[in-house]
Amino acid sequence: MVHVVDVHVGKRIRQRRWLVGMTQQKLAECVGIKFQQIQKYETGANRVSASRLWDIADALEVDVAFFFEGLKSETDVEAASESIPADMMGDKEAMDLVRSYYAIPENQRRRLFELARVLSDVA
């Protein structure tokens with residue numbers, strides 16, 4: 001049975017991997033495993049051991065705590081998943097949008113953010 005924490009950690013691995021533009025194959029090579037194992041981690045089908053999570057964090061240049069951010073309790077995770085579409089963080093298009101957003105120079109990014117905020121208030 002898949003545990004909510006394993007799913008959360010897997011989603012955070014996928015999120016960070018996409019944000020840095022790394023393929024599953026490249027991440028697998030960095031940690032010395034096959035890319036199929038990364039797929040299983042990202043879906044929560046397999047649990048990530050502490051040592052493997054340490055290696056993944058190193059490869060993705062984040063602290064291990066990054067993978068647990070936003071996870072307080074099962075109740076909090078379920079409540080958060082109701083307010084945000086469940087597949088948003090797993091949606092490649094959404095992650096590509098976020099990556100593109102952060103590639104925009106800071107001053108232009110702020111202007112784009114303000115425009116998006118105004119448009120969302122109108123809708």
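Side-chain atoms are counted along with the backbone in the values below, which use heavy atoms only and exclude waters and symmetry mates. Residue indices begin at 1 and follow the sequence shown.
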Non-hydrogen atoms of R12 and F67 that approach each other most closely: CG-O, 3.5 Å

Salt bridge flag under 4.0 Å for residues R111 and E114: no

Set of residues satisfying side-chain contact (heavy atoms from CB on, under 4.5 Å) with respect to T23, sequence neighbours excluded: Q25, K26

Interatomic spacing from CG in L115 to CD in Q108 - rounded to 0.5 Å: 13.0 Å

Separation of Q15 CD from R99 CZ (nearest 0.5 Å): 11.5 Å

H8 (side chain) donor-acceptor with G44 (main chain) under 3.5 angstrom: no

Cation-pi, Y101 ring and R109 (6.0 angstrom, 45 degrees): yes

Spatial distance of atom CZ (R47) from atom NE2 (H3) [nearest 0.5 Å]: 6.5 Å

Path from V48 to F68 over hydrophobic side-chain contacts below 4.5 Å: yes

Contact list for residues 29-46, test salt bridge (charged side-chain N to carboxylate O under 4.0 Å, His left out), sequence neighbours left out: R17-E42

Between CG on residue L19 and CG on residue D96, distance to nearest 0.5 Å: 9.5 Å

CG-CG distance between N107 and L112, expressed to the nearest 0.5 angstrom: 11.5 Å

Shared hydrophobic cluster for F35 and V20 (ILVMFWY, side-chain gaps under 4.5 Å): no

Heavy-atom closest pair, residues R16 and L60: NE-O, 3.0 Å

Worked verdict on D55 versus I33 for side chain to side chain contact (heavy atoms under 4.5 Å, CB included): CA-CA 11 Å; D55 292 341; I33 59 176; over 6 Å; no

Shared hydrophobic cluster for I13 and W54 (ILVMFWY, side-chain gaps under 4.5 Å): yes

Hydrophobic cluster membership, V7 vs V9, 4.5 Å side-chain cutoff: no

Nearest-0.5 Å distance, CD of residue E61 to CE of residue M22: 7.5 Å

Y41 vs I56, side chain to side chain contact (heavy atoms under 4.5 Å, CB included): CA-CA, chis, key distance, verdict: CA-CA 11 Å; Y41 290 154; I56 291 170; 4.0 Å; yes

